[in-house]
Amino acid sequence: MLDIQYIRENPETVKRTSQQKGYNIDVAHLLELDSKRRQLIQKSDELRAQLNKASEDFKNQPPSEEQRASLKQIKEQLVVLEDQQEQIDKVFTPLLRSVPNVFSDDTPTGGEEANREEKKWGEISDKNFEIKDHLTWLQQKGLVDFERGAKVAGNKFYFLIGPMVELELAVFQMALTLAKKHNFTAMTVPHLVNTRILEGAGFSARGDEKQIYKIENDDLNLIATSEIPLTGFHADEILDEKELPRLYAGLSPAYRMESGAYGKHNRGLFRTHQFNKLELYVFCKPEDSELLHQKLINFEEELCQVLEIPYRIVRIAAGDLGAPAYKKYDIEYWSPVDKTYRELMSCSNVTDYQARRLNIRFRSENGTNFVHTLNGTAAAMSRIPIALIENHQQSDGSLLLPKALRSVMGEGLI
RNA sequence: GGAGAGGUGGCCGAGUCCGGUUUAAGGCGCUGCUCUCGAAAAGCAGUGUGUCAGCAAUGAUACCGUGGGUUCAAAUCCCACCCUCUCCGCCA
């Protein structure tokens, strides 16, 4: 959510950035409602001032019939004004909340095709044997079972088996240790959140592209990432300036409907309805968010490097940002199977977009202001093992683990 | 599932029976000043969040879980709802 005052002062910017993000917002209508709304508030405040004054006068001496009649008249006017305001708010508030965040000046404009590669790391070596894709590899070794997943839950649900579970835990263990080293506090979180928190974090409970699982008969939704409950962690709080930045690492499953997400690029474990994830989350002062965004991307790079996964950093273009993001990077790993880079991690600075919606502020000598929030993937499961399976597969079909994992789980997987 | 207690400012907490200087006591925290070589302690003063108008000082208004109602006047009375906690039951 943007500050209405900012929209008043920069209507053209808001219009342009919304368009470039791919949202069609009627800014003129929003401002018109805003102006009407303010007029109504002013008028009804005046009437209330009259009533308050009157009740002061009548403290000792009850009002006469005549005075009662005139007070009644004022109250009737007030009811009309309040009603009008309510009508306007019904349109105004959702419209205001639907305005996407602006994006940073250096964001490339255009859609996904305009995403800009910023950095590459790691050797991309041609192996002298044919690398199996992760699904084939895992199924041949009996480490994943989609058929029984489908039987038990449905398509795109799965069981991970034996060493694959150990691998997942080893990656988490390693990532968590790294996060701790960088002063992130580990958290587990509620896997269900109410709709206010969900939408406050910028997710849609009933959007057109259905993504969130809803619990029937309860105002509860399965989380699509621990970012959602972590955003809500400090909802309605006023943090002390000295407590910032607050760095959290949330470990949880992520549940996603992913309706329509089929096709060969989503084969196997790359895109599923449920996966475990360690997510980094930051609450900070506005002036620190750019620096902390760099800290997040650096963390993600460090993790890839320790895992010896070749990657590149991509700067996300305006049309591909989504409503909350002000600035966003993706880290993509090199897939020797697909001969291309594929999404592995992501990290965003959403400035005060979530903080406004969930009323998360901090106090300083300049008064209370909204915090900035940031989020970044630390370790998304299935994706990291996929990257490892594709990049560290040996000619005999075994998987050579990166050194960083060997201390946790020994030599290779078979 | 059964019974009970409770939701008040940054935090703790009084006020609700009996409606009106409550611009919500008091404490903690925070800020400034005094004292001090400095700090602590102590003392003094200040310190809620929005909204609207205004360059500003400031003024007006709203907010005591939420929504209604009664009244000239509601944190306080009435109704409905939501949430939290405690005990019991069930249970990993």
Side-chain angles (χ1 to χ4, degrees), chain A residues 1-9 30-97 188-200 205 214-221 229 232-246 252-253 283-286 352 354-371:
Chain A
M1 186 164 77
L2 288 180
D3 186 358
I4 183 63
Q5 199 171 339
Y6 177 86
I7 301 176
R8 270 177 220 147
E9 287 162 8
L30 180 66
L31 290 178
E32 193 188 313
L33 291 172
D34 173 51
S35 143
K36 274 190 199 160
R37 194 172 162 271
R38 286 198 279 172
Q39 283 171 24
L40 288 171
I41 289 171
Q42 212 176 329
K43 275 192 215 156
S44 47
D45 275 2
E46 270 168 37
L47 294 182
R48 282 198 198 95
Q50 286 179 36
L51 291 177
N52 287 342
K53 197 143 183 294
S55 78
E56 190 73 13
D57 294 341
F58 299 139
K59 210 179 286 174
N60 299 316
Q61 191 184 1
S64 67
E65 282 308 310
E66 222 171 297
Q67 287 166 323
R68 276 178 208 277
S70 105
L71 287 175
K72 201 173 172 191
Q73 205 182 357
I74 294 175
K75 277 198 266 185
E76 278 163 7
Q77 286 177 48
L78 198 53
V79 168
V80 172
L81 291 178
E82 280 169 350
D83 200 55
Q84 286 175 9
Q85 202 192 321
E86 199 179 319
Q87 292 306 315
I88 286 182
D89 279 348
K90 250 189 231 169
V91 184
F92 174 78
T93 308
L95 188 56
L96 177 60
R97 284 177 75 92
T188 64
V189 301
H191 299 173
L192 295 146
V193 293
N194 60 43
T195 302
R196 176 187 174 229
I197 297 296
L198 179 80
E199 296 193 338
K214 249 188 105 46
I215 303 294
E216 223 179 326
N217 301 329
D218 258 316
D219 179 31
L220 287 172
N221 309 271
F233 188 70
H234 287 303
D236 297 318
E237 292 183 23
I238 301 181
L239 301 164
D240 197 306
E241 183 181 27
K242 287 176 219 145
E243 302 174 299
L244 296 174
R246 305 196 68 135
S252 80
F283 296 85
C284 70
K285 293 194 274 182
D352 59 5
Q354 293 174 328
R356 270 178 203 287
R357 293 172 154 236
L358 288 180
N359 199 24
I360 309 167
R361 293 168 294 173
F362 72 101
R363 186 190 306 284
S364 71
E365 51 191 17
N366 303 319
T368 53
N369 286 295
F370 292 104
V371 298

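Reminder, nothing fancy here: chain letters follow the sequence lines and each chain counts from 1. All of these numbers come straight from a predicted model, not from anything done at the bench.
B:C18 and B:A40 are spaced 48 Å apart, taking the C1' atom of each and rounding to whole Å. When the P atom is used for both B:G68 and B:G1, the distance is 29 Å, rounded to whole Å. Comparing the P positions of B:A39 and B:G32 gives an interatomic distance of 12 Å, to the nearest angstrom. For the C1' atoms, the distance from B:U76 to B:C87 is 30 Å, rounded to whole Å. Separating the C1' atom of B:U23 from that of B:G9 is a span of 14 Å, rounded to the nearest Å. Taking the C1' atom of each, B:C72 and B:C83 are spaced 34 Å apart, rounded to whole Å. Rounded to whole Å, the separation between the C1' atoms of B:U70 and B:C12 comes to 34 Å. Distance noted for atom P between B:A24 and B:G46: 14 Å (whole Å).
Here B:A3 sits opposite B:U86 as a Watson-Crick or G-U wobble pair (both hydrogen-bonding atom distances under 3.5 Å). B:C44: Watson-Crick or G-U partner is B:G32, with both key distances under 3.5 Å. Using N1 to N3 plus N6-O4 or O6-N4 for Watson-Crick, or N1-O2 and O6-N3 for G-U wobble, each under 3.5 Å, B:U58 pairs with B:A53. If you check B:G9 for Watson-Crick or wobble pairing at under 3.5 angstrom, you find it has no partner at all. Partner assigned to B:C77 is B:G69, using Watson-Crick or G-U wobble distances below 3.5 angstrom. Here B:U22 sits opposite no nucleotide as a Watson-Crick or G-U wobble pair (both hydrogen-bonding atom distances under 3.5 Å). With a cut-off of 3.5 Å on both pairing distances, B:U16 has no Watson-Crick or G-U wobble partner at all. Shown here, B:C91 forms no base pair; nothing in the strands shown gives a Watson-Crick or G-U wobble contact with both key distances under 3.5 Å.
Side-chain contact check for A:Ile7 versus A:Asp34: every heavy-atom pair is 4.5 Å or farther apart. No side-chain heavy atom of A:Leu40 sits under 4.5 Å from any side-chain heavy atom of A:Arg37.
The nearest whole Å value for the distance from the CD1 atom in A:Ile197 to the P atom in B:C82 is 19 Å. Counting to the nearest Å, the C1' atom of B:G59 and the CD atom of A:Glu46 are 12 Å from each other. In this structure, A:Glu243 places its CD atom 12 Å from C1' of B:C30, rounding to the nearest Å. If you measure from atom CG of A:Leu78 to atom P of B:A73, you get 11 Å, rounded to the nearest angstrom. What separates CG of A:Leu40 from P of B:A53 is a distance of 12 Å, to the nearest Å. Computed from coordinates, the A:Leu81 CG to B:A62 P distance equals 14 Å when rounded to whole Å. Atom CD of A:Gln85 and atom P of B:A62 are 13 Å apart (whole Å). As a whole-Å value, the separation of A:Ile238 CD1 from B:C30 P is 17 Å.
Look at A:Arg363 and you won't find any side-chain N or O under 4.0 angstrom from OP1 or OP2 of B:G29. Phosphate contact (OP1/OP2 of B:A60, side-chain N/O of A:Asn52, threshold under 4.0 Å): absent. A:Arg361 has no side-chain polar atom (N or O) that falls below the 4.0 Å cut-off from OP1 or OP2 of B:U49. For the pair A:Lys36 and B:C52, the criterion of a side-chain N or O lying under 4.0 Å from OP1 or OP2 is not met. OP1 or OP2 of B:C52 lies within a sub-4.0 Å distance of a side-chain N or O belonging to A:Arg8.
Between A:Glu86 and A:Thr368, it is A:Thr368 whose nearest contact on RNA chain B lies nearer the 5' terminus. The nearest heavy atom of RNA chain B to A:Asp34 and to A:Arg48 marks one nucleotide each, and the one closer to the 5' end goes with A:Asp34.
Partner A:Leu47 forms a side chain to side chain contact (heavy atoms under 4.5 Å, CB included) with one of A:Lys75, A:Glu82, A:Gln77 and no other, that one being A:Gln77.
Considering only the side chain of A:Lys242, B:C30 comes nearest among B:C30, B:U49, B:G20. Candidate nucleotides B:U51, B:U61, B:A73 were compared by shortest atom distance to the side chain of A:Asp45, and B:U61 ranks first. Of the candidates B:U49, B:A73, B:A60, B:A60 carries the atom nearest the A:Ala49 side chain, counting heavy atoms from C-beta on. The side chain of A:Gln42 lies closest to B:A53 when the candidates are B:C72, B:A53, B:U61.
Counting heavy-atom neighbours within 6.0 Å of A:Lys214 NZ, excluding the residue itself, gives a total above 12.
As judged by a 4.0 angstrom heavy-atom cut-off over every strand, A:Lys43 is placed among residues making no nucleic acid contact. Here A:Ala54 lies out of heavy-atom contact (under 4.0 Å) with every strand.
Formation of a donor-acceptor pair under 3.5 Å by the A:Arg357 side chain with backbone atoms of A:Arg97 is found in this model. The closest donor-acceptor contact from the side chain of A:Ser44 to the backbone of A:Ile41 lies under 3.5 Å.
A salt bridge links A:Glu241 with A:Lys285: the closest approach of a Lys/Arg side-chain nitrogen to an acidic carboxylate oxygen falls below 4.0 angstrom.
Here A:Phe370 contributes atom CZ and A:Leu358 contributes atom CG; the two are 10.5 Å apart, rounded to the nearest 0.5 Å.
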